[in-house]
Amino acid sequence: MMTAIDLDDSSAAARLVEEPVLRLARVERRYTEGDHDLEVLRGADLEIRAGEIVALVAPSGAGKSTLLHLAGLLEQSDGGEIYLGGVATSTMNDAERTRLRRLEIGFVYQFHHLLPEFTALENVMLPQMIRGLGRKEAVKRAEQLLAYMRLEERMHHLPSEMSGGEQQRVAIARAVANVPRLILADEPTGNLDPKTAHYVFDALQALVRSSGLAAVIATHNMDIADRMDRRITLSEGKIVEL
Ligand code: ADP
């Protein structure tokens with residue numbers, strides 16, 4: 001069993017406030033395709049609270065990536081409002097959105113996107129150092145997170161020297177390195193065999209639980225979706241609980 005670790009952070013108290021970590025209110029998103037608009041989101045509503053892990057399950061093309069990009073402030077919506085920790089984001093400028101994204105959100109993708117020329121430890125240290133943490137503290141936290149991910153023996157390996165499951169666990173450690181409030185994951189286990197997928201999900205779940213994060217995880221794996229707190233899908237541009 002993994003033991004809980006103290007992700008000692010002064011904002012922990014702030015996480016106890018009642019506001020959902022993520023709230024979507026009547027969110028709209030459309031893309032122009034040739035001479036017509038493709039309405040991907042048509043008034044999507046969603047609330048996710050600290051400690052909740054939500055599975056996003058929908059067929060290809062339904063709008064999962066669009067939803068994750070909007071929630072992650074990587075794209076602007078065409079209507080409605082996205083609140084992070086109760087703060088409305090639609091009127092923010094690019095710099096404010098980038099700052100909030102760096103502080104509050106960790107991303108995990110289907111392919112790990114680790115930097116190939118850096119070790120596991122360095123990959124987890126880098127976002128912290130970019131944020132301004134000293135090298136010593138960044139090493140300490142990276143070691144702690146990688147140990148939590150059961151990667152003690154792999155800290156000084158390059159991504160190419162690790163298995164797919166190990167690479168994804170490093171990517172998860174990196175995503176939470178800056179103590180975000182929200183994890184957004186797009187098919188994080190989609191590239192792994194079923195046993196490894198469950199192992200990686202176990203690690204992600206333990207981390208989310210121990211640190212009071214909120215997570216939205218897009219997946220096609222129904223066994224893994226069944227292990228989350230809630231399951232949502234997209235139907236005609238709206239979010240529906242399953
Ligand atoms: P999913 O992640 O569920 O597969 P996406 O969010 O990637 O779905 O896409 C939803 C729909 O929006 C698809 O029909 C896709 O082709 C379209 N789409 C996504 N991004 C763009 C874009 N930048 N320009 C035009 N159409 C897009």
Side-chain angles (χ1 to χ4, degrees), residues 20-48 52-84 89-90 92-94 97-98 100-101 104-114 164 167-168 171-172 174-175 180 182-194 196-197 200-201 204-205 208 213-242:
V21 172
L22 172 67
R23 181 153 84 88
L24 270 58
R26 307 260 125 224
V27 170
E28 295 168 22
R29 183 70 173 123
R30 63 188 73 87
Y31 298 111
T32 306
E33 278 207 328
D35 56 0
H36 75 286
D37 276 356
L38 179 68
E39 295 193 66
V40 180
L41 298 180
R42 307 180 191 189
D45 293 312
L46 179 65
E47 279 193 12
I48 301 182
E52 263 191 322
I53 306 179
V54 178
L56 172 56
V57 191
S60 202
K64 298 183 298 298
S65 301
T66 301
L67 183 69
L68 292 174
H69 290 161
L70 289 169
L73 309 183
L74 292 165
E75 265 182 50
Q76 280 273 23
S77 70
D78 296 306
E81 188 57 87
I82 296 169
Y83 300 88
L84 280 178
T89 61
S90 67
M92 288 181 174
N93 63 30
D94 278 352
R97 291 163 63 84
T98 300
L100 197 60
R101 181 166 61 240
E104 305 282 7
I105 303 171
F107 293 92
V108 185
Y109 301 96
Q110 180 172 2
F111 299 100
H112 55 77
H113 294 305
L114 296 171
Q167 290 166 346
Q168 271 311 60
I172 291 166
R174 179 185 55 180
L182 177 65
I183 292 288
L184 299 171
D186 201 348
E187 291 281 348
T189 61
N191 199 27
L192 305 173
D193 66 77
T196 308
V200 167
F201 178 71
L204 179 57
Q205 187 179 40
V208 169
L213 288 162
V216 184
I217 303 176
T219 183
H220 280 115
N221 184 326
M222 281 315 289
D223 290 337
I224 285 181
D226 282 342
R227 296 181 53 201
M228 300 192 208
D229 300 320
R230 284 162 57 198
R231 281 146 294 282
I232 57 172
T233 193
L234 283 157
S235 174
E236 298 184 351
K238 291 200 165 57
I239 291 168
V240 180
E241 301 274 338
L242 287 173

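When a ligand or atom number is given, it counts from 1 through the structure's own listing order. Heads up: numbering here begins at 1 and tracks the sequence. The figures here come from the full heavy-atom set of this structure, side chains too, leaving out hydrogens, waters and symmetry mates.
Residue Ser65 has at least one heavy-atom neighbour below 4.0 Å for each of these atoms of ligand 1: 1 (P), 2 (O), 6 (O), 7 (O). Set against the non-hydrogen atoms of Ser60, the atoms of ligand 1 under 4.0 Å away are 4 (O). Listed by number with element, the atoms of ligand 1 under 4.0 angstrom from any heavy atom of Val40 are 10 (C), 11 (C), 12 (O). Ligand 1 places these atoms under 4.0 Å from at least one heavy atom of Gly63: 1 (P), 3 (O), 5 (P), 6 (O), 8 (O), 10 (C). Under a 4.0 Å criterion applied to the non-hydrogen atoms of Thr66, ligand 1 contributes the atoms 5 (P), 6 (O), 9 (O). Under a 4.0 Å criterion applied to the non-hydrogen atoms of Lys64, ligand 1 contributes the atoms 1 (P), 2 (O), 3 (O), 4 (O), 6 (O), 8 (O).
The closest protein non-hydrogen atom to atom 23 (N) of ligand 1 is Tyr31 CE2, 3.7 Å. Nearest protein neighbour of atom 17 (C) of ligand 1, counting heavy atoms only, is Leu38 CD2, 3.7 Å. For atom 10 (C) of ligand 1, the closest non-hydrogen atom on the protein side is Gly61 O, 3.2 Å.
Aromatic ring orientation, Tyr109 versus His113: perpendicular (interplanar angle above 60°, classes split at 30° and 60°).
Applying the side chain to side chain donor-acceptor pair (under 3.5 Å) test to every pair with at least one member in residues 36-45, sequence neighbours left out, gives these pairs: Arg26-Asp45, Thr32-Asp37.
If you take CE on Met92 and OG1 on Thr98, they are separated by 11.0 Å, rounding to the nearest 0.5 Å. Here the straight-line distance linking atom CZ of Phe107 with atom CG of Leu68 works out to 8.5 Å at 0.5 Å rounding.
For Pro59, the closest heavy-atom approach to ligand 1 falls below 4.0 Å.
Arg231 pairs with exactly one of Leu56, Asp226, Val54, Val240 by the side-chain contact (heavy atoms from CB on, under 4.5 Å) rule, that one being Asp226.
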(message) For Tyr31 and Thr66: C-alpha separation, side-chain torsions, deciding distance, then whether side-chain contact (heavy atoms from CB on, under 4.5 Å) applies.
(response) CA-CA 10 Å; Tyr31 298 111; Thr66 301; 3.3 Å; yes
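The salt bridge (Lys or Arg N to Asp or Glu O under 4.0 Å) search around Glu52 returns Arg230, not counting sequence neighbours.
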